[in-house]
Amino acid sequence: MSALLQEMSDRALALGVPFSVQVDLTYRCNEKCIHCYLDHDDHGEMTTAEIKFLLKEMAEAGVFILTLSGGEVFLRRDFFEILEYARELTFCVKLKTNAVLIREEQAARLRELAVQSIQVSIYSHRPEVHDAITKVPGSLRRSINAIRFLKSQNLKVIMANVLMTANREDIHGVRALADELGVECTLDPTVTPMMDGDRSVLTLNAGESALRQIFRDEAFIGNAEEFCAPPPPPTPDSMDSLPCSAGHTACYVSPYGEFYPCVQFPLSCGNVRRQRFIDIWRNSEQLKEVRSIRLRDLTSCSKCAHGSTCTRCPGLAFLEGNMRGPSIADCEKSYARTGIPSANLLAKTETAAPRRLVQIQLVPAITGSRFDGIGAGAQ
Amino acid sequence: MSGRVYVARSARVAARKLGEEMLVMSAVDSTLFTLNPTATILWEAVDGATLLDEIVNSKICSEFEVNGEEALRDAEMLAKDLAKHGILLISDQPITPANSRVPERV
Ligand code: SF4
Ligand code: SF4
């Protein structure tokens, strides 16, 4: 985020304005990715009129960044009508798509409508790997063609990859492909649970050794020494800091109108079909609770060595049963980064069976190999 | 410029009022601008159909009790500056959607 955008986001926070909102237009999808967290059946999506009404309310509430995502947004026949209206309302529009349905015509229309950026999911540079993840033969070729069409329209494209066992060998290949296409590239190091809390997809995660490798790879993280340095002790300021933007300057609306603090934080705060967007934003008891959370109130995290630097996701913690608790995915990332076990993982080890206690000697190689076991045990 | 010009907002921007200030992002190059409260009033008033000097008189001078000439000079400078970035359009003719296209790359 640019310094000015960060400053504006801070101002939005001070003014209580929802600065950035993701709206998923549909959960239907033309790919069937093995790691996807969504139920793709249509359980009654918002109509065109309902979405336009919501967008109007969001503009009045002060929303600046509007991310349109899914599912696959291009499966909505009214997608361009919605996008056109969003641009009329002068949102800064970002799209997330697999781009399979984008041809020259769609790319030209996106340029006309001045979309700010288009994020395209690419999991490998090799069709046999990418297509096995999306379960759609030919999908990599079509997504890459789409990226070329988008680039030829001078649009900003970001390739988004997710690290899994299935593609862990290909992360540099994806990066090289992004360079060749002249686009940015991001890598999400972990698969997240399904929105209904089902954690079975987590078995696709590449595991601790892959995380350690990436967290030392300067192509991905910049200065490895700095990135992997032991965390500084928490300060009074960090104890009072906000966990993330969810519910503070950002929120999420599902295709069915459900209002959550974030796409990864499925705590229902209301429904825009029954309530005004701004009323939910201002008055929801659930949002008030999310907003009240500070590091010092968190039982494990406030005592954790990683407290001040951890990217603890309250949404994942919520999916694990307690939004004020730790998130195992983040404990694992903190450990893979620094080699220092989190308070949560240490506590789990202490309460685990005696055989496990004997195993957690602080010898990096041994603690490293135990991690998967600890994570899996807690799920 | 002499104030006898028409000014309109480009359709290729994202914009939102945050408190008293306007946040504007150019879709051409993603440059971000914040307009101070006076510039925000101007931004909200320009419609491509009203002359700039009329807008300055009705919206700025009356509101802020400033000298008309000075306010017009400031408004012209601001309009030119924002036009350079493609987020405002300036013309000696009224600006309608049909003639409001701006170059997509500067
Ligand atoms: S940390 Fe989690 S809840 Fe917060 S914004 Fe990120 S994904 Fe959403
Ligand atoms: S590493 Fe785990 S226990 Fe420590 S702050 Fe992060 S989520 Fe909390």
Side-chain angles (χ1 to χ4, degrees), chain A residues 1-21 55-68 83-95 107-118 151-158 184 249, chain B residues 7-50 55 59 78-79 81-90 95-106:
Chain A
M1 200 188 266
S2 76
L4 187 54
L5 203 56
Q6 183 59 57
E7 194 187 317
M8 289 300 112
S9 176
D10 293 346
R11 189 169 307 167
L13 178 68
L15 293 168
V17 168
F19 192 65
S20 173
V21 178
L55 294 181
K56 185 87 175 40
E57 287 190 330
M58 283 167 41
E60 284 164 5
V63 176
F64 180 61
I65 297 172
L66 168 67
T67 302
L68 295 177
L83 178 59
E84 206 170 299
Y85 187 63
R87 288 294 299 124
E88 243 174 65
L89 295 170
T90 67
F91 286 108
C92 170
V93 178
K94 301 179 179 210
L95 295 185
R109 192 85 187 94
L110 294 177
R111 199 261 316 258
E112 263 171 41
L113 290 168
V115 167
Q116 202 266 337
S117 65
I118 300 117
K151 280 303 289 177
S152 73
Q153 296 289 345
N154 277 326
L155 285 159
K156 179 176 171 184
V157 180
I158 302 155
E184 284 176 35
T249 54
Chain B
V7 181
R9 295 181 291 271
S10 162
R12 299 185 60 77
V13 298
R16 195 66 73 225
K17 201 168 176 183
L18 204 50
E20 296 298 298
E21 297 191 351
M22 185 65 72
L23 179 60
V24 183
M25 185 187 274
S26 157
V28 176
D29 54 9
S30 292
T31 317
L32 199 60
F33 304 83
T34 48
L35 308 184
N36 67 22
T38 324
T40 298
I41 291 173
L42 200 71
W43 174 270
E44 288 180 311
V46 297
D47 58 4
T50 315
I55 292 174
K59 302 281 180 184
L78 176 77
D81 200 24
L82 297 182
K84 254 192 268 166
H85 291 281
I87 67 170
L88 272 189
L89 313 173
I90 303 175
I95 302 168
T96 59
N99 67 3
S100 69
R101 288 193 66 80
V102 284
E104 287 168 2
R105 292 274 151 194
V106 283

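- When all heavy atoms are compared, the tightest approach of B:R16 to A:T90 is NH1-OG1, 3.2 Å.
- Considering every non-hydrogen atom in both B:A15 and A:F64, the closest pair reads N-CE1, 3.8 Å.
- Shown here for A:M8 and B:L23, the closest heavy-atom pair between the two residues is CG-CD1, 3.4 Å.
- Panel note: side chain A:R87, backbone B:A11; a donor-acceptor pair is recorded below 3.5 Å.
- When heavy atoms are compared at a cutoff of 4.5 Å, A:V93 does not approach chain B at all.
- For the pair B:R12 (side chain) and A:R111 (backbone), a donor-acceptor distance under 3.5 Å is present.
- Of the atoms belonging to A:A14, not a single heavy atom falls under 4.5 Å from chain B.
- Taking chain B as the reference chain and counting heavy-atom pairs below 4.5 Å, the highest number among A:I65, A:L113, A:V63, A:L5 is found for A:V63.
- Here the shortest heavy-atom pairing between A:L15 and B:G19 reads CD1-N, 3.6 Å.
- Other residues, nucleotides and ligands contribute only 12 or fewer heavy atoms inside 6.0 Å of the CD atom of B:E20.
- B:M25 contributes atom CE, which lies 9.0 Å from atom CG of A:L4 (distance to the nearest 0.5 angstrom).
- Closest of all the heavy-atom pairs between A:A114 and B:A27 is CB-CB, 3.4 Å.
- Contact annotation for residues 33-45 of chain B against chain A (heavy-atom separation below 4.5 Å, listed by residue number): B:F33, B:T34.
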